[in-house]
Amino acid sequence: MKRTGAQIIWECLIKEGVEVVFGYPGGTILPAYDAMLDYPSVHHVLVRHEQGGTHMADGYARASGKVGVAFATSGPGATNMVTGIATAMMDSSPIVCITGQVGSSLVGLDAFQETDVTGVTLPITKHNYLVTRVEDIARTIREGFYIAKSGRPGPVLIDITKDAQQLSCDFDWDSAAPRLPGYRPDLRALPSEYQNALSLINSAKRPVILAGHGVLQSGAMQVLKDFAEKAQIPVAMTLLGIGGLPANHPLNLGMMGMHGEAWVNHAIQQADLLLAFGMRFDDRVTGNVKTYAPKAKKIHIEIDPSELNKVIKADVALVGDLREVLEEVLPLVAVGDREEWIDHINEMKGDSAVRDIQNLPDTGHLYAAHVINDLWRYTEGEALICTDVGQHQMWTAQYYKHNKPFKLITSGGLGTMGFGLPSAIGAKFAKPNAEVWAISGDGGFQMTAAELSTAAQENIKVNVAIINNGYLGMVRQWQEFFYDKRYAATPMKSPDFVKLAEAHGLTGIRVTERSQVESAIRQAQQTKGTVVIDFRVEKEDSVYPMVPAGADLHNMIRRPMPKKPLNETLKHEEEMEFAK
Amino acid sequence: MTAHTLVAYVEDKPGVLNRVASLFRRRTFNIESLTVGHTEQPGVSRMTIVVDTDEFGARRAEANLYKLVNVLRVDDVTTQAAVMRDLALIKVSASAATRSEILQLTDVFRARTVDVTNDSLIIEITGTEDKIEGLIEVLRPFGIIEMVRTGIVAMGRGSKSVSPNPPLVAAQVMEVAGATAN
Ligand SMILES: Cc1ncc(C[n+]2csc(CCOP(=O)(O)OP(=O)(O)O)c2C)c(N)n1
Ligand SMILES: [Mg+2]
C-alpha cells in the first residue's frame, strides 16, 4: 500500500509497539506531525524543551524496559536534544530520536535551520542515520529500534529530510527487515572459558560481586541472587546497579565508589576476587586505578567487549548477556561458606553506623538525609524515584533503599542536571500506577522546571521533592573540601517554588522543619495532580563518605564523629578526618 | 608505542570513513595513515589503518571498531605474514649535472621515473615504508620539491580468502599478554 514518508513513520512506530512519544514540532518535522493526527493510538506529549523530551524518553525506557521515543525539528530542535542523547548514551538507555531535516536538495547548503545533526551526534549515539529517500524510512526505523534495544542498549538518532516525509512509496513492513551485517549484539563467551572463572570463584576466600546496570538490563536479578546465595558472595552495587539485588538482602552490602559506603569500599580493597557483573569500572567507582583492589583477581562479565580490559585488566573476561552467562555458570559454581569474610565486612560497618546521620540525635534541623529517609519510610520504599544530579542524588542513593529493580532512575555516567523532573514524567507514562517521585536540587530543578507545564497540560501526577539548600551543593562541597571554602558561583537564589507550582495550577508545599516532613509527603500522596515540595534543608551539609576524585578507594573523607551536636559539628570542618 | 596495522572491512555507505576517523579521534588514538578503497566484493570497502599505539591500545581500537554498526571485520595484520605497500610520488630538483646520478639511485631502489623536465624529475616508488624512507633520504640532498604518499595498504599472504564476516565468538575480547590497564 502507498504511504507518505510521514505516515510510514507512524505505521512503523505502531508496529514497534510505541504508545507515547515526547516531542516538539517545527518546520521540517511538520509533515510527520500532520500525519500524527491520523494515528491517535500513539499519544504525543508536547514537551517544553527538547532536552526534556529526550530525558522523558529515557525515563520511559528505564522504567519500562521498552524503547523511548522523542521527536524534534531540525536545527535548534535537534541540537536541544544533544544533552539527553549523551545522557542516554552514557547510561546505555534505549531511545530513538526522530528529527526532521531540511529538504534533501538543501542539505549541505546552510539552509534555514539546517544542522548536521548526524555529525553532531555521531560520538554520542550508538548509531545514527540521515534518511533522504522515502523508500529507506521503514527499514531505518526498524534497524534503529533493533539497535537501540539489543546488545548493550543505547540511543539512536534518525534524521529524516522533509521531502522524504512528504513523498510516497509502497509500505511493506515485512520486506523492510533490518539489514545489519556488521552488527553483532549477541557475542558469547565459549563455555570452555567458564572453567577459568569457576576455579577462581571456588577458591576465593574474600570475593565481592560488583553489580552494575547490566544486572537490570539483562534481567539477571534472580540469577544474581541465586548465585550470590549459593556461593555466599557479598554484593556491592554501582549507582545504576541499585535494585539489582534487594537492599534488604543480607548479602547486599550497599553502594560502592566515591560516595559509597565505607565498608563497601574497604571490602573491595581487601578482596581477593572481584566479580564484575555488567559494570564498567567508571572512575567514580574505582578511584585511583593504580591502587584499586590490589590483591584481587578480576572476573569481568560484560556484553560489550570494548569494556573488557578497558580500565581494569581482567583475569577472566567473559563476553555475553549477563543473565545467560550466569544461568550457565550457576549450576557449576560450588556451594560456598564465607562466614568469616562476611563477618569481617559486617564488623567494618560498626563505625559507619555511629557516624550515620540517621543515628545522630535529632537537633530539629532539617537535613536532606532525614528528608530522604522519611520519604523512603512514608512511601514504604515502593516509590519509583527519579533523581537530578548533585548531593541530593547521592543522599537518595544512600538513604532510599530499593528492594525492587527499575525503581531508581538517575543520570549516572553523564551526571546531567535537569534530568530529574523530565525523567520522572517519562517514567510515569511508562508506569501510570506507580508512585513516582522526582528528587531534585534547587539548581538542577531550575534547569528543566519548564516541564512542570508539561505535567500540568498532561494532567499527570508526579511528586517533586526539591532538596533546597540554596547552593549548587555538590560543587559547594568540593569548594569546601578542596578550594578552601571559596564559594565561587555556588550560592543560588531561587524563585518561590511553591508559587511556581501554583502558577502552573499545581500544588506547592513548603517544609522547613523535620516535624512537617511526614504531613507534606502525605499531602502530596493524596493530592490529585503534580505536587512540588520545597524542602528547605541545612545549607552547608556534605555527602559522606567521599573518595576525592582520583584518590585511593580506601582513602575516604568521613563524616565527623559526633563530638558535639551535629549542627555544630558540621560547621567545624577542621574536625574532618581522613580514614586510614 | 609501536605502529599497528589494522585492516577493517566496512560497509560502503556514506559517512563510514567519518565514523572510523571520529572513533580514533575521540578515543585519543594517533592515526599515522588511513587508506580506503573498494574490495573484490561490491558494497564492501577496505580500510588499512596504521595507528601508533601499544598492544593494549590496538586491542582497544579493534574492539571499538567492532562497535561501529557499519564495520564488518577487523584484522590486526601487524604480526601476520602480510604484504604491506606504500606508494610515493617524489618531485626532486634535477639539473643536467645531477640527473644521471638521481636516475641511478632510482634504479637501485627499483623506482620509476614518471615525469622529466629540464630541472626536475617525478619519481614513483612502491614498497614498504622502510624502502620509501630510504629513497627519500638519498634524494633529499638534491632538493625535494614536493612529495605525496598514499599511506599503507596491507594484505595477508597465502591463498586463503578472508570473509568480511568473522565468526561470532569472543575473539574480540582484548587479551593482551602482560599488559596491565591499571
Ligand atoms: C548540566 C550540568 N551542569 C553542571 C553540572 C555540575 N554540577 C554537578 S552537581 C552540581 C550542583 C547541583 O546543585 P543542585 O541542583 O542544587 O543540587 P545539590 O547538589 O545542591 O543537591 C553542579 C553544578 C552538572 N552536573 N550538570
Ligand atoms: Mg542545591
Side-chain angles (χ1 to χ4, degrees), chain A residues 116 118-119 121-130 132 143-144 146-147 150-152 154 156 178-193 281 286 288-294 296 298 300 302 304-320 325, chain B residues 8-29 41-47 54-74 163-182:
Chain A
D116 169 20
T118 43
T121 59
L122 190 153
I124 54 166
T125 48
K126 187 172 171 188
H127 195 56
N128 66 18
Y129 294 90
L130 169 62
T132 57
E143 288 183 3
Y146 175 57
I147 291 171
S150 54
R152 178 179 181 178
V156 172
R179 268 191 221 139
L180 296 164
Y183 180 58
R184 283 174 216 85
D186 42 10
L187 294 170
R188 288 292 299 278
L190 300 170
S192 61
E193 297 175 68
F281 293 106
T286 61
N288 181 2
V289 291
K290 294 213 169 64
T291 58
Y292 181 70
K298 284 108 184 170
H300 196 173
E302 236 299 323
D304 177 355
S306 77
E307 292 296 350
L308 296 167
N309 291 334
K310 182 182 85 174
V311 177
I312 298 293
K313 169 94 175 79
D315 297 277
V316 178
L318 300 176
V319 184
V325 175
Chain B
Y9 298 79
V10 303
E11 286 185 89
D12 184 8
K13 288 192 169 165
V16 176
L17 175 60
N18 192 12
R19 288 179 198 278
V20 171
S22 164
L23 162 63
F24 281 88
R25 176 192 55 76
R26 68 179 184 271
R27 302 272 178 194
T28 68
F29 288 103
Q41 235 184 296
V44 177
S45 300
R46 179 165 167 151
M47 295 184 180
D54 56 14
E55 184 61 24
F56 188 79
R59 299 285 69 75
R60 201 158 67 86
E62 189 179 334
N64 277 288
L65 278 168
Y66 269 117
K67 277 176 83 167
L68 298 180
V69 167
N70 303 123
V71 170
L72 302 169
R73 181 192 176 104
V74 184
S163 144
N165 289 308
L168 302 182
V169 291
Q172 294 148 36
V173 178
M174 303 185 281
E175 265 173 31
V176 187
T180 34
N182 51 330

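What's counted below: heavy atoms across the whole structure, side chains too, no hydrogens, waters or symmetry copies. Convention: sequence-line order gives letters A, B, ...; per-chain numbering from 1.
- Between His127(A) and Tyr183(A), a ring centre-to-centre spacing not shorter than 6.0 Å is recorded.
- For Asp315(A), no part sits under 4.5 Å from any heavy atom of chain B, backbone or side chain.
- Between the side chain of Lys67(B) and the backbone N or O of Asp304(A) there is no donor-acceptor pair closer than 3.5 Å.
- For a residue to count as touching a neighbouring chain, one of its non-hydrogen atoms must lie under 4.5 Å from one of that chain's; by this rule Arg26(B) touches chain A with the side chain only.
- Proximity to chain A (any heavy atom under 4.5 Å) is restricted, for Val71(B), to the backbone atoms N, CA, C and O.
- Taking each heavy atom of Ile312(A) and Tyr292(A) in turn, the nearest pair found is CD1-CD2, 3.7 Å.
- When all heavy atoms are compared, the tightest approach of Tyr66(B) to Leu72(B) is CE2-O, 4.0 Å.
- With a 4.5 Å cut-off on non-hydrogen atoms, Leu130(A) does not touch chain B at all.
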